[in-house]
Protein chains: 2
Amino acid sequence: MKKEGKKCSDAPTCSVDYAFRRIGGKYKGRILWALHENTILRYGELGRNLADITTKMLTQTLKEMEKDKLINRKVYHQVPPKVEYSLSEIGKELIPFINYLKEWGDKKMGRI
Amino acid sequence: MKKEGKKCSDAPTCSVDYAFRRIGGKYKGRILWALHENTILRYGELGRNLADITTKMLTQTLKEMEKDKLINRKVYHQVPPKVEYSLSEIGKELIPFINYLKEWGDKKMGRI
DNA sequence: CTGTATCCCGGGTGATACTG
DNA sequence: CAGTATCACCCGGGATACAG
């Protein structure tokens, strides 16, 4: 029967929809931006950079972005553990656009 | 006691956050794009353009976007009623970014 | 035609505790 | 340090009916 639940896993209706699903979310934009400004950040550094994020959301969001090939994840097998995150080539493609959005936000925040 | 619920009405943490709250959501990007391609659309035309949206979400989203000054709303007082929506100047500022995102989505959709 | 008004559900998100 | 695990909550969003 399947019943076709209207989940977000349904096929995107168009490329704008598709793109928004990959960078939408509550934190993805800010993570992309943080990695753009710092090149490489460790898990904890990212957490401090976002300030209001929980470990659950940070982990979850990073996993999604890694699966979508937006970021790279490099693990150092040592004690204590160390994991570095950085932008992938695909992730870098999104920076001009995040940058545009940031400047737009800066302008509008001032005058509203 | 207030208890400070962590609602989305909290102040944005940065300009990227600020911008994402205005164009995030499930339909805003597609509405901006539809209005960019068609210049002016009526309520029903927008609904057909989105295809899977309900009247509730369409109305709600349009109201938010109007409040945020992203779109213009022009009412014709006649029977039957007629309402036209179009991009505001601020809304038009976002088109390059939506456009960039759309092209990115087009490319990625093909190769995944 | 252009919306309003309800009801309701799922899951996205938060808080907290715990592990290797 | 870098995550998992669990519980609980809220609200984004869907379905449906109705109104001006």
Side-chain angles (χ1 to χ4, degrees), chain A residues 2-10 12-13 17 20-31 34-35 40-67 71-86, chain B residues 2-10 12-13 17 20-31 34-35 40-67 71-86:
Chain A
K2 291 294 292 178
K3 192 57 179 51
E4 285 308 329
K6 304 299 168 34
K7 329 191 74 170
C8 74
S9 54
D10 289 350
T13 60
D17 190 24
F20 262 77
R21 294 198 196 178
R22 260 138 205 85
I23 62 144
K26 193 169 180 179
Y27 301 105
K28 291 186 181 178
R30 282 193 274 164
I31 288 178
L35 289 177
I40 293 180
L41 284 176
R42 299 179 57 173
Y43 182 87
E45 292 172 330
L46 265 172
R48 263 166 265 125
N49 206 295
L50 279 282
D52 59 335
I53 198 173
T54 60
T55 61
K56 177 188 170 183
M57 286 315 296
L58 181 54
T59 301
Q60 181 177 310
T61 306
L62 288 172
K63 274 184 178 165
E64 287 177 20
M65 295 174 71
E66 190 194 357
K67 188 154 60 69
I71 59 176
N72 300 312
R73 180 171 183 271
K74 178 165 187 181
V75 182
Y76 294 83
H77 292 286
Q78 59 186 43
V79 180
K82 175 180 172 183
V83 181
E84 290 179 344
Y85 293 91
S86 57
Chain B
K2 295 292 291 176
K3 194 56 180 48
E4 286 308 330
K6 306 295 167 36
K7 328 192 74 171
C8 76
S9 54
D10 290 349
T13 60
D17 190 26
F20 264 77
R21 294 199 196 179
R22 260 138 207 84
I23 61 146
K26 192 170 179 178
Y27 300 106
K28 291 185 181 177
R30 282 193 274 165
I31 288 178
L35 288 176
I40 292 181
L41 284 175
R42 299 179 59 174
Y43 181 86
E45 291 173 331
L46 265 172
R48 262 165 266 124
N49 206 295
L50 277 285
D52 59 335
I53 198 172
T54 60
T55 61
K56 177 189 171 184
M57 286 315 296
L58 182 54
T59 302
Q60 179 178 309
T61 307
L62 288 171
K63 275 185 178 164
E64 288 177 19
M65 294 174 73
E66 190 194 357
K67 188 154 61 66
I71 58 176
N72 300 311
R73 180 171 183 270
K74 178 166 187 180
V75 182
Y76 294 83
H77 292 286
Q78 60 185 43
V79 180
K82 175 179 172 184
V83 181
E84 290 179 344
Y85 294 91
S86 58

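On a predicted model such as this, the values are computed, not experimentally measured, just so you know. Note: hydrogens, waters and symmetry copies are ignored here, and every other heavy atom, side chains too, is used.
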Per-pair distances, 0.1 Å, donor-acceptor, side chain in residues 45-59 of chain B, under 3.5 Å, sequence neighbours excluded:
residue: Glu45(B); atom: OE1; partner: Arg42(B); partner atom: N; Å: 2.7
residue: Asp52(B); atom: OD1; partner: Arg30(B); partner atom: NH1; Å: 3.4
residue: Thr54(B); atom: OG1; partner: Met57(B); partner atom: N; Å: 3.3
residue: Thr59(B); atom: OG1; partner: Tyr43(B); partner atom: OH; Å: 2.8
residue: Thr59(B); atom: OG1; partner: Thr55(B); partner atom: O; Å: 2.9

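As a whole-Å value, the separation of Ile53(B) CD1 from dG12(D) P is 15 Å. Lys26(A) places its NZ atom 19 Å from the P atom of dG11(C), with the value rounded to the nearest Å. One can place CD1 of Ile71(A) at 14 Å from C1' of dA2(D), the figure rounded to the nearest angstrom. Rounding to whole angstrom units, CG of residue Asp52(A) and P of dT13(C) are separated by 12 Å. Per the geometry, NZ belonging to Lys56(B) stands 14 Å off C1' belonging to dG3(C), to the nearest Å. Nucleotide dT4(D) holds its P atom 8 Å from the OH atom of Tyr43(A), rounded to whole Å. Distance Leu41(B) CG to dC1(C) P: 15 Å, rounded to the nearest Å. Across the protein-nucleic acid pair, Asn49(B) atom CG and dT2(C) atom C1' stand 17 Å apart, rounded to whole Å.
If you check residues 72-83 of chain B against DNA chain D, the residues with a heavy atom closer than 4.0 Å are Pro81(B), listed by number. Residues from residues 57-66 of chain B with heavy atoms under 4.0 angstrom of DNA chain C, sorted by number: Thr59(B), Lys63(B).
Between Arg42(B) and dC1(C), a side-chain N or O to OP1/OP2 separation shorter than 4.0 Å is absent. In this structure, Tyr85(A) does not reach the dC1(D) phosphate: none of its side-chain N or O atoms is under 4.0 Å from OP1 or OP2.
A heavy-atom distance below 4.5 Å is not found between the side chains of Glu66(A) and Leu62(A).
Remark: Val79(B) engages no residue in a side chain to side chain contact (heavy atoms under 4.5 Å, CB included) (not counting sequence neighbours). Under the side chain to side chain donor-acceptor pair (under 3.5 Å) criterion, Tyr27(A) pairs with no residue, sequence neighbours left out. Evaluation of the salt bridge (charged side-chain N to carboxylate O under 4.0 Å, His left out) rule for Glu64(B) yields Lys28(B) as partners, not counting sequence neighbours.
Along DNA chain D, the nucleotide nearest to Thr54(B) and the one nearest to Glu84(A) differ in position, and the one closer to the 5' end is contacted by Glu84(A).
Residue pairs meeting the salt bridge (charged side-chain N to carboxylate O under 4.0 Å, His left out) criterion with at least one member in residues 75-84 of chain A, sequence neighbours excluded, are Lys82(A)-Glu84(A).
Terminal axes of the helix from dC1(C)-dG20(D) to dG20(C)-dC1(D) (five pairs each, C1' rotation axis) are separated by 50°, to the nearest 10°.
The shortest non-hydrogen separation linking Ser86(B) to Ile40(B) is CB-CG1, 4.1 Å.
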